[in-house]
Number of protein chains: 2
Amino acid sequence: MADINSGTKISASAIGDGTAVPGAAEGGTDAAWDIIELLFFAYRDFVGDPDEVLLKYAFGRAHHRVLHFVNRNPGMKVADLLDILNITKQSLGRVLKQLIDQGFIVQKEGEQDRRQRLLYATPKGEALSLKLAALQTERINRAFGELGPGAHEAARRFLTAMIDGDNREGVLRQIARADRAKVR
Amino acid sequence: MADINSGTKISASAIGDGTAVPGAAEGGTDAAWDIIELLFFAYRDFVGDPDEVLLKYAFGRAHHRVLHFVNRNPGMKVADLLDILNITKQSLGRVLKQLIDQGFIVQKEGEQDRRQRLLYATPKGEALSLKLAALQTERINRAFGELGPGAHEAARRFLTAMIDGDNREGVLRQIARADRAKVR
DNA sequence: CAAAATATGTCAACATGGCTGACATAAATT
DNA sequence: AATTTATGTCAGCCATGTTGACATATTTTG
C-alpha cells in the first residue's frame, strides 16, 4: 500500500502480499528496505546489459560512461566530463586515451580558448554508444510496457527527486541541453 | 511521455548487429536517454551517502553490501550471499573475513548441515547496517516527500519492472522474507 | 609585459575489489 | 568407499579508483 507517512515514522511494507510490516524502529524511523534493495538489483541488471558488448571491444564500464557522456555532449570540455563522472583526471586519462587511440573519440582544440581539448564521439564512437544505449532502452521500455501509461513520467520524477538537490538543476540542464544537441 | 526525450533514433543500422528494438516499426525508437542518465546520477548519489561513514571504519562499498544482506537475512548461507552479490567466493572471502575479524558478522555451523557457515550480523554489525540504511532512507523519504502520495508504490513498481524477469521472483521473495525475518 | 591562474596531460605509486586457477578440508550423499 | 557439496585459502592478474608531483600551453591579471 502507499504509505508515505506523516512525521518521522515511516513504515515499510512487504512486497508482493501487501502485508504491512511493523517496524523495529530504534530511532523512530523505519529504513526503506524495499527501495534500497530494489534499487540495488535494478541497477545491477541495468548496467549489466552492456557488459557483453563491451567485452568484445575489451572495454569496461568506465569506457562506457565516458563514451556515453561525450556522445551526448559533443564538444564538451575535459573538465566538464570530470565533474560529471566525479573521478580524477588521472583515472579519466587512462580510459580516455584508449578511446581516442582506438578511434571512438576525437579531441579538438577549443576555438575561443585554445587550452581546451573539446571531446567528440566519432561516427564509430557514436555507433557504439547508441548500441549500448539501445540495450538499456530495451529494458526500460519493457518495464514501461509492463506498467501503465504515466510510468515514464513517474520514473523520471522519482529518479530526479533522488538526486542531490545541489546537482539536480545541473543534471536536468545537462540532459535537456544534450537532447537539443543531438537533435540538430 | 514526449517532451525531454526526443531526437536520436536507434536504428538497426546504427546498432549494427541487427538487433530488433521492440516498437521500432518505422525505423527507430528513441533511446531513453533521460532515464538512463537520471538512473546514473540517482544511483551515484544514493550509494555515495554511506561512503563517509564507511570511511571511518576503513570499509568500502563491498563491505556495505555484505553487511547489508547478512543483516537482512540472518542465518543465510555463504552460497546464498554469493548468488545475491554475483561475485566469486574469493572476492567475498576478502571482505567477509574483515567483517568477521572486526566483530560485525559471526558465523555459526549449520544444524542440519554442518558444512554450512550461516551468517549473522552481531549487534555491532546490525547497528552499522541500520546506520547506513538510515542515511539512504533519508534520501528516499525526502524524495517521496517531494513527490505526492503514491510515489513509494510507483517507485517500487518501476524498480521491480527493471529487474531481470528471471531474478524478479527471487528478489521479491527475498525482500519479503527478509522483512518477515527482521520483525522478530 | 611579467606573473599568476587555468586547462590539460603525464609519471609513479598505491588501494580496492573484481577475476581465474589450484588446492584443502570437512561433511553429506550416493 | 567413493563422490559430491559447502566452504576456505593461496597466489596472481586486471580494471579502475586514489594521491602527489610536475610539465606545457594558453589565458587572465596586476
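The sequence lines fix the lettering, A, B, ..., with proteins before strands; numbering per chain opens at 1.
Between the side chain of A/R115 and the base of C/dT6, at least one donor-acceptor pair of N or O atoms lies under 3.5 Å. For A/R117 and C/dT8, a side-chain-to-base donor-acceptor distance below 3.5 Å is absent, hydrogens and geometry of angles not being considered.
Close to C/dA26, at under 4.0 Å from its OP1 or OP2, lies no side-chain N or O of B/Q116. Within the structure, every side-chain polar atom (N or O) of A/H63 is placed at least 4.0 Å from both OP1 and OP2 of D/dA15. Phosphate proximity of C/dG17 to B/S91: absent, as no side-chain N or O sits under 4.0 Å from OP1 or OP2. Close to D/dG17, at under 4.0 Å from its OP1 or OP2, lies no side-chain N or O of A/T88. For A/R65, a side-chain nitrogen or oxygen approaches OP1 or OP2 of D/dG17 to under 4.0 Å.
In terms of modelled atom types and a separation under 3.5 Å, the side chain of A/D113 and the main chain of A/R115 share a donor-acceptor contact.
The 5' end of DNA chain C is approached more closely, in terms of each residue's nearest nucleotide, by A/L96 than by the other of A/L96 and B/A58. When each of B/Q90 and A/K89 is assigned the nucleotide of DNA chain C with its nearest heavy atom, A/K89 is the one assigned upstream, toward the 5' end.
Relative orientation of the B/H68 and B/H64 rings is perpendicular, given thresholds of 30° and 60° on the angle between their planes. Using bins of under 30°, 30° to 60° and over 60° for the plane-to-plane angle, the ring pair B/F104/B/F59 lands in the perpendicular bin.
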